[in-house]
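Okay, structure first, notes after.
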Amino acid sequence: MKVGVLSLQGDVREHARSLSDCGVLASLVRRPSELDAVDALVIPGGESTTISKLARIFNIFDPIQERIKAGMPVYGSCAGMILLANQVEDAIVGQESFGGLDVTVRRNAFGRQVDSFETDLTFQGITNPPIRAVFIRAPWVEKVGEGVEILAEVNGHPVAVRSDHLFATSFHPELTGDNRIHKFFIEEVCEPALKSASARNVVK
Ligand code: GLN
């Protein structure tokens with residue numbers, strides 16, 4: 001399995017390393033041809049407004065949106081969660097998201113940079129020890145649509161969600177050296193999605 005990391009801005013190297021440590025081929029994706037070469041994509045944390053503007057400049061915005069619609073597994077962390085959300089609260093004027101995930105996300109919901117924090121999370125399916133989660137000017141999920149599963153919450157606000165081939169966290173697992181969130185993405189999101197896609201191709 002080849003997993004790309006959208007490398008326009010943000011925590012690109014850290015995600016690539018976490019993916020490699022999980023034993024998958026990680027590559028950097030900035031151009032449409034590089035997107036064509038991967039089975040799945042990670043959209044890192046950084047600044048969602050910058051990433052979406054650069055995605056337009058690099059002509060990769062529409063190709064990513066099309067791949068999401070076609071079922072490509074995607075994991076969005078922090079800014080990446082915002083970029084996967086169908087609706088964004090506190091967006092800047094004209095801010096665009098790729099969308100696909102039927103949630104409303106509030107940008108900077110936990111406050112400003114100085115309100116960044118770490119906490120231990122109860123994450124559905126990953127226990128013992130709990131996930132140490134780093135939140136940096138993080139969003140939270142305000143509303144979930146049908147079929148969106150909530151995997152973790154902080155003070156009643158969802159901070160990890162999954163819907164079919166799309167997975168998002170408000171926090172940054174690439175910063176802690178604990179690869180269980182990336183492993184979850186590979187094993188629980190990518191592998192089933194890619195297996196059913198190849199089964200569909202065989203039937204065709
Ligand atoms: N607040 C940032 C945004 O709106 C996200 C911060 C992050 O990814 N750490 O994109």
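One is the number of the first residue; the rest follow in order along the sequence. Both ligands and their constituent atoms are indexed starting at 1 by order of listing.
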More than 12 non-hydrogen atoms from neighbouring residues, nucleotides or ligands closer than 6.0 Å to CZ on Arg17, yes or no? no
Any sub-3.5 Å donor-acceptor pair from Thr169's side-chain atoms to Phe171's backbone N or O? yes
Polar contacts were defined as any N/O atom of the residue lying under 3.5 Å from an N/O atom of the ligand; does this apply to Thr49 and ligand 1? no
Can you tell me the protein heavy atom closest to atom 4 (O) of ligand 1 and the distance? Arg107 NE, 2.7 Å
For ligand 1, does Glu47 get within less than 4.0 Å through its side chain, its backbone, both, or neither, judged by non-hydrogen atoms? both
Enumerated ligand 1 atoms positioned under 4.0 Å from heavy atoms of Gly45: 8 (O)
Taking the side chain from Ser18 and the backbone from Glu14, do they hold a donor-acceptor pair closer than 3.5 Å? yes
Mind checking whether Gly46 has an N or O less than 3.5 Å away from an N or O of ligand 1? yes
So, Ser27 versus Glu34: side-chain donor-acceptor pair below 3.5 Å or not? no
Cation-aromatic face contact Arg162/Phe167, 6.0 Å, 45 degrees: no
Is the shortest distance from a Lys or Arg side-chain nitrogen in Arg56 or Asp62 to a carboxylate oxygen in the other one below 4.0 Å? yes
For Cys78, take its heavy atoms, then give the atoms of ligand 1 lying under 4.0 Å from any of them. 5 (C), 6 (C), 7 (C), 8 (O), 9 (N)
Should Arg132 and Asp120 count as an ion pair when the cut-off is N to O under 4.0 Å? yes
Does any N/O atom on Ile82 come nearer than 3.5 Å to any N/O atom on ligand 1? no
for atom 1 (N) of ligand 1, nearest protein heavy atom and its distance come out as Asn108 OD1, 2.5 Å
With respect to Ser77, determine whether any N or O atom, backbone or side chain, lies less than 3.5 Å from an N or O atom of ligand 1. no
Ligand 1 atoms nearer than 4.0 angstrom to some heavy atom of Arg137 are 1 (N), 2 (C), 5 (C), 6 (C)
Would Ile136 count as a polar contact of ligand 1, with the cut-off being nitrogen or oxygen pairs under 3.5 Å? yes
the protein heavy atom lying closest to atom 10 (O) of ligand 1 turns out to be Ser48 N, 2.5 Å
Salt-bridged, Arg137 to Glu47, with N to O below 4.0 Å? yes
